[in-house]
Amino acid sequence: MGNSHRWLEKIAPSLRLHLLDWYRSHGRSLPWRSIRDPYAIWISEIMLQQTQVNTVLPYYRRWLQEFPTVHDLARASRDHVLKQWEGLGYYRRAHYLHQAAQEIVDRFQGGFPADLPTVLSLPGIGRTTAGGILSAAFNLPHPILDGNVKRVLARLVALPTPPAKAQSRLWTLSGILLDRCEPRCFNQALMDLGALVCRPKHPQCCLCPWQKDCRAYNQGRQFNLPLAMPIRTRPHKLIAVAVVFRGQELLIDQRPESSMLGGLWEFPGGKIEPGETAAECAVREVKEEVGIDVVAEQELATVEHEYTHFSITLIAYICRYQSGTIQPLQCADVRWIQPQDLPQFAFPMANQKLFPHLHAWLATHPL
DNA sequence: GATTCGTGGTC
DNA sequence: TGACCAAGAAT
């Protein structure tokens, strides 16, 4: 291990030159690279967490249109912020952005901090995001360690373990390699190398500026590195959902802040218990979550959805209000709304899959 | 260190 | 189809 570090220190100057040279002619041109506004760069870094560039691009543009400065974000409503994030996933990121924006306004009068400990103190910002912001916005020499960098480094040194089990060592390697004179370009270049050349499936070693020094390549192991973590199987859940009508009005509730998909709105529902029908479950969940009595009238649709760690089948019922007053018993909020107002609320993707079926039902059931 | 967070894309 | 992955952080 010590040998590996000394070897890397020795060849690092040459690696930096080759990488920066490659980056000048092959680097991607991205909207957050042509600016220095730390607020906008921060937004891009948060959106890019576990999310591909092409997915982020439209959200990034809309966000800066909607919240051009940290002040605009800080004074926006939480529902409005979540609505702009709808569909991007990892919704806690939106809450953290909102909280951090208010902190930046309150603690620093809206000026983005430029030192590592303070940046790290903001919610939703870890070491990689902090390094990314500080190097991109202020050209400060802080290393990064995202998925691209982990893969590049794991191949460069022929890492003997899965990257997840060598975090500390990989941070050291990223710090050794970092070009202290051009940290901004270097970090961006390192990520582009991972995204464009040192790709997970088909690494383009013949185009790589580090080919002659790469241990994986020299050992013919570029297709087998980095080593993978053992897999675990994902459970499947059966969920009943109640689309409750009271006359023209529709019932929606807001998920608790601390739960999965926290702050998003949904149709009430929950896991079907053993020996229970989906319709019985839908009625029971409405009673438990918002305290009213309904009857299940008709099955609306069944949809499937995949999450990272489990999959679900949603069985949705059109239900009719019977009695009681809505209360947020197991949710953050609950409301009767007009069906045409649905787009004003942020919904998880699994619920959105029900929307076309609901529209079709409404079209054939006037009144 | 291992888990929990979403969604869209690829093969 | 299912596995895998993408500019990770918080617990």
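Just so it is clear, the values below take in all heavy atoms, side chains as well, and ignore hydrogens, waters and symmetry mates.
Other residues sharing a hydrophobic cluster with A:Trp336 under the 4.5 Å side-chain heavy-atom criterion for ILVMFWY residues are A:Val244, A:Leu251, A:Val283, A:Val286, A:Val290, A:Ile292, A:Val294, A:Tyr321, A:Ile326, A:Val334.
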Heavy-atom contacts, protein to nucleotides 2-11 of chain B, under 4.0 Å, summarised as B (base), S (sugar-phosphate only) or - (none) per nt, yield SSBBBBB---
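For the pair A:Arg127 CZ and C:dA9 P, the computed distance is 11 Å after rounding to whole Å. Rounded to whole Å, the distance from NE2 on A:His95 to P on C:dA10 is 14 Å. Atom CG in A:Leu122 sits roughly 16 Å away from atom C1' in C:dG8 (whole-Å rounding). Atom CD of A:Gln188 and atom C1' of C:dA7 are 9 Å apart (whole Å). Across the protein-nucleic acid pair, A:Asp192 atom CG and C:dA7 atom C1' stand 10 Å apart, rounded to whole Å. Atom CG of A:Asp146 is separated from atom P of C:dC5 by 14 Å (rounded to the nearest Å). Between the OH atom of A:Tyr60 and the P atom of C:dA6 there is a distance of 22 Å, rounded to whole Å. Per the geometry, CG belonging to A:Leu120 stands 13 Å off C1' belonging to C:dA10, to the nearest Å.
Taking the C1' atoms as reference points, B:dG1 lies 14 Å from C:dA10, given to the whole Å. Taking atom C1' on both C:dC4 and B:dG6, the two are 15 Å apart, rounded to the nearest angstrom. Comparing B:dG8 with C:dA9, their P atoms are spaced 22 Å from each other, to the whole Å. Nucleotides C:dA7 and B:dT3 have their P atoms positioned 24 Å apart, rounded to a whole Å.
Among residue pairs with one or both ends in residues 123-132 of chain A, those qualifying as side chain to side chain donor-acceptor pair (under 3.5 Å) are A:Gln49-A:Thr129; sequence neighbours excluded.
Residues from residues 27-41 of chain A with heavy atoms under 4.0 angstrom of DNA chain C, sorted by number: A:Arg28, A:Leu30, A:Trp32, A:Arg33.
Each of A:Ser44 and A:Tyr96 was assigned the nucleotide of DNA chain C with the nearest heavy atom; the assignment lying further toward the 5' end belongs to A:Ser44.
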Run the side chain to side chain donor-acceptor pair (under 3.5 Å) check on A:Ser135 and A:His142 step by step: do they pass? CA-CA 6 Å; A:Ser135 60; A:His142 294 287; over 6 Å; no
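Take A:Arg61 and apply the side chain to side chain donor-acceptor pair (under 3.5 Å) test, not counting sequence neighbours, and it matches no residue. Taking the salt bridge (Lys or Arg N to Asp or Glu O under 4.0 Å) definition, one finds that A:Asp179 meets it with nothing, sequence neighbours left out.
At the heavy-atom level, A:Ile231 lies under 4.0 Å from the strands shown only through sugar-phosphate atoms. A:Leu145 comes within contact range of no nucleotide atom at all, as no heavy-atom separation falls under 4.0 Å. Note on A:Gly132: nothing from the nucleic acid sits closer than 4.0 angstrom, heavy atoms only.
Using cut-offs of 30° and 60° on the angle between ring planes, the pair A:Trp361 and A:His365 is parallel. A:Trp42 and A:Phe112 have tilted rings, their planes meeting at an angle from 30° to 60° on a 0 to 90° scale.
Here the closest heavy-atom approach between residue A:Tyr307 and residue A:Arg234 is recorded as O-NH1, 2.8 Å. Listed here is the closest heavy atom pair of A:Asn148 and A:Gly194: OD1-C, 3.5 Å.
Checking A:His5 against A:Thr172 by side-chain atom types alone, no donor-acceptor pair falls below 3.5 Å.
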